[in-house]
J.: 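One structure, as structure tokens, below. Some questions next.
Indexing begins at 1, ligand by ligand and atom by atom, following the structure's order.
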Amino acid sequence: MDSIEEIHNNTKIPIIDIGGLSDENNIEEWKRISNQIDAASIEYGFFYVKNHGIPMERLDQITGGCKDLFNMPLEEKMKIDISKSINHRGYGCVYSEQLDPDMKPDLKETFSMGINMTEDDPLYYDGLNGPNQYPEYLGAKWSGMMESYFYEIMDVSLRILRAISFKLGAPLDYFDTKYDKTVSSLRLIHYPPVLKRQANIYDKDVSPGCGSHTDYGCISLLYQDIAGLQIESKSKWIDAPPIPGTFVVNIGDMLERWSNNRYKSTLHRVLSPINQDRYVFALFSEPASDVMIGCLPGCTSPSNPWKYSEITTGDYLHSRFNDTYAYRRNEEDPKN
Ligand SMILES: O=C(O)CCC(=O)C(=O)O
Ligand SMILES: [Fe+2]
């Protein structure tokens, strides 16, 4: 395998060492890290993080968990199909999602899960909260492992959001207070191989691995086993290859709104792997569904008023899911 330096020579997306965020008294480190995150979020909307605290063995274990899920017989996967869910969780089969409306639906299958909310909570029936659909076929050990991982990666996401709050003039726990009933979603993805990639990636008759899109939430943290991810930078597509032990982090639409466009929710896409399966797991980090997306204190001034109107994270997510999922196409848009 190529060394980190060799891989990194081929991409300009910065690698940021976030180890120092675990000591909240080390102000110099917080300044250094939050400045690096700030610069990368302005220029690329993407960066890699290392020293995040999740060991390589754990990442291999979760990759193994992805393979176990997608290797299940189709009838077992369909038992937990996302269309059976009240809250957009469970298995999404190949072609069920179309992230680029100008292209064919995506050649990928997915599994989504989040926190288990109890039924007595007023947010339970808002279509984003509620129970997970776990694969019984894989037993409680599998779901227990994924639930633990969900909290481990949530923790990393909140550490990064604290660094962003630090930089943008908000209290360090600005996002923590909005995340008690987080609708964050952990998503496992499998990209089936193609024999030969189409010569013209813009061929509208061929499904992309994942069509070009921006993410909906605050930040996404992604681990990929093999290459395929590309991001748009200065009107060109550049590769964001896997770098061992790191996560790819990107800014989503909600943080773009919250930061008054200081940070970029960058277009990205995935090329189907050739002759090889590709496995990914990503956390889409988002606050509770009743949280209003406002403007961070350091991102507005009399000469730079907030460019958006207020919307709750729940309404925003529903409208985006309705745009991109075949099974939801006929549902009412809550924004209308
Ligand atoms: O598979 C990848 O590398 C990216 C997936 C992605 O962008 C997404 O699911 O939003
Ligand atoms: Fe994405």
J.: Could you point out which residue of K264, K234, K12 forms a salt bridge (charged side-chain N to carboxylate O under 4.0 Å, His left out) with E43?
T.: K234

J.: Can you name the closest pair of heavy atoms from C299 and N260 and give their distance?
T.: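 Reported closest heavy-atom pair: O-ND2, 3.0 Å.
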
J.: Please state which protein non-hydrogen atom is closest to atom 2 (C) of ligand 1 and give its distance, to 0.1 Å?
T.: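 For atom 2 (C) of ligand 1, the nearest protein heavy atom comes out as V270 CG2, 3.3 Å.
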
J.: Treating N116 as the side-chain partner and N132 as the backbone partner, does any N or O pair qualify as donor plus acceptor under 3.5 Å?
T.: yes

J.: State whether the side chain of E286 and the backbone N or O of T313 hold a donor-acceptor pair below 3.5 Å, judged by distance alone.
T.: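 Such a contact is absent between E286 side chain and T313 backbone.
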
J.: Starting from atom 3 (O) of ligand 1, locate the nearest protein heavy atom and write down its residue, its atom name and how far away it is, to 0.1 Å.
T.: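 Closest protein heavy atom to atom 3 (O) of ligand 1: R278 NH2, 2.8 Å.
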
J.: Output yes when the distance from some N or O of ligand 1 to some N or O of R187 is under 3.5 Å, and no in every other case.
T.: no

J.: Measure from the side-chain N and O atoms of D38 to the backbone N and O of S34, and report whether any donor-acceptor pair falls under 3.5 Å.
T.: no

J.: Pairing donors with acceptors under 3.5 angstrom, does anything connect the side chains of D17 and Q36?
T.: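 Looking only at side-chain atoms, Q36 and D17 do not form any donor-acceptor pair under 3.5 Å.
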
J.: Could K77 and E109 be called an ion pair, given the rule that one side-chain N must be under 4.0 Å from one carboxylate O?
T.: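 Salt bridge flag = yes for E109 with K77.
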
J.: Do D176 and R162 meet the salt-bridge criterion of a basic N to acidic O distance under 4.0 Å?
T.: yes

J.: For ligand 1, which atoms have a heavy atom of F284 less than 4.0 angstrom away?
T.: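 Selected atoms, number and element: 8 (C), 9 (O), 10 (O).
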
J.: Please identify which atoms of ligand 1 are closer than 4.0 Å to at least one heavy atom of V280.
T.: 1 (O)

J.: Can you list the ligand 1 atoms lying under 4.0 Å from a non-hydrogen atom of D215?
T.: 10 (O)

J.: Between K50 and Y48, is NZ or CZ placed under 6.0 angstrom from the six-membered ring centre and within 45° of the ring axis?
T.: no

J.: List every atom of ligand 1 that sits less than 4.0 Å from any heavy atom of H268, numbering the atoms from 1 in the order shown and giving each element.
T.: 7 (O)

J.: What protein heavy atom is closest to atom 1 (O) of ligand 1, reported as residue, atom name and distance in Å?
T.: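 Result: Y191 OH, 2.6 Å.
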
J.: Whether the side chain of D126 engages the backbone of N129 through a donor-acceptor N/O pair (distance < 3.5 Å, no angle test) should be reported.
T.: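 Flag set: sc D126 to bb N129 pair under 3.5 Å.
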
J.: Using a strict cut-off of less than 4.0 Å between a Lys/Arg side-chain nitrogen and an Asp/Glu carboxylate oxygen, indicate whether E136 and K79 qualify as a salt bridge.
T.: no

J.: Counting only heavy atoms closer than 4.0 Å, does ligand 1 sit against the backbone of L99, its side chain, both, or neither?
T.: neither

J.: Does the N or O separation between K108 and ligand 1 drop below 3.5 Å for any pair?
T.: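 Such a contact does not occur with ligand 1.
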
J.: Just to be sure I understand the site: which N, O or S atoms from the protein are less than 2.8 Å away from the Fe ion (ligand 2)?
T.: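 Per the 2.8 Å query on the Fe ion (ligand 2), atoms found are H213 NE2, D215 OD1, H268 NE2.
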
J.: One thing to verify: whether K181 and D290 come together as a salt bridge, which I'm taking to mean a side-chain N less than 4.0 angstrom from a carboxylate O.
T.: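 No salt bridge links D290 with K181.
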
J.: Looking only at protein heavy atoms, which one is nearest to atom 9 (O) of ligand 1, and what is the separation?
T.: I189 CD1, 3.4 Å

J.: Of the backbone atoms (N, CA, C, O) and the side-chain heavy atoms from C-beta on, which set of T110 has a member under 4.0 Å from an atom of ligand 1: side chain, backbone, both, or neither?
T.: neither

J.: Hey, does Q224 come in under 3.5 Å of ligand 1, counting only N/O atoms on both sides?
T.: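 So ligand 1 has no N or O lying under 3.5 Å from an N or O of Q224.
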
J.: Taking only non-hydrogen atoms of H213, do any sit less than 4.0 angstrom from ligand 1?
T.: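 Under 4.0 Å: yes for H213.
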
J.: How close do I189 and K108 get, heavy atom to heavy atom, and via which atoms?
T.: CG2-CD, 3.9 Å

J.: Heavy atoms only, cut-off 4.0 Å: how does L222 contact ligand 1, side chain, backbone, both, or neither?
T.: side chain

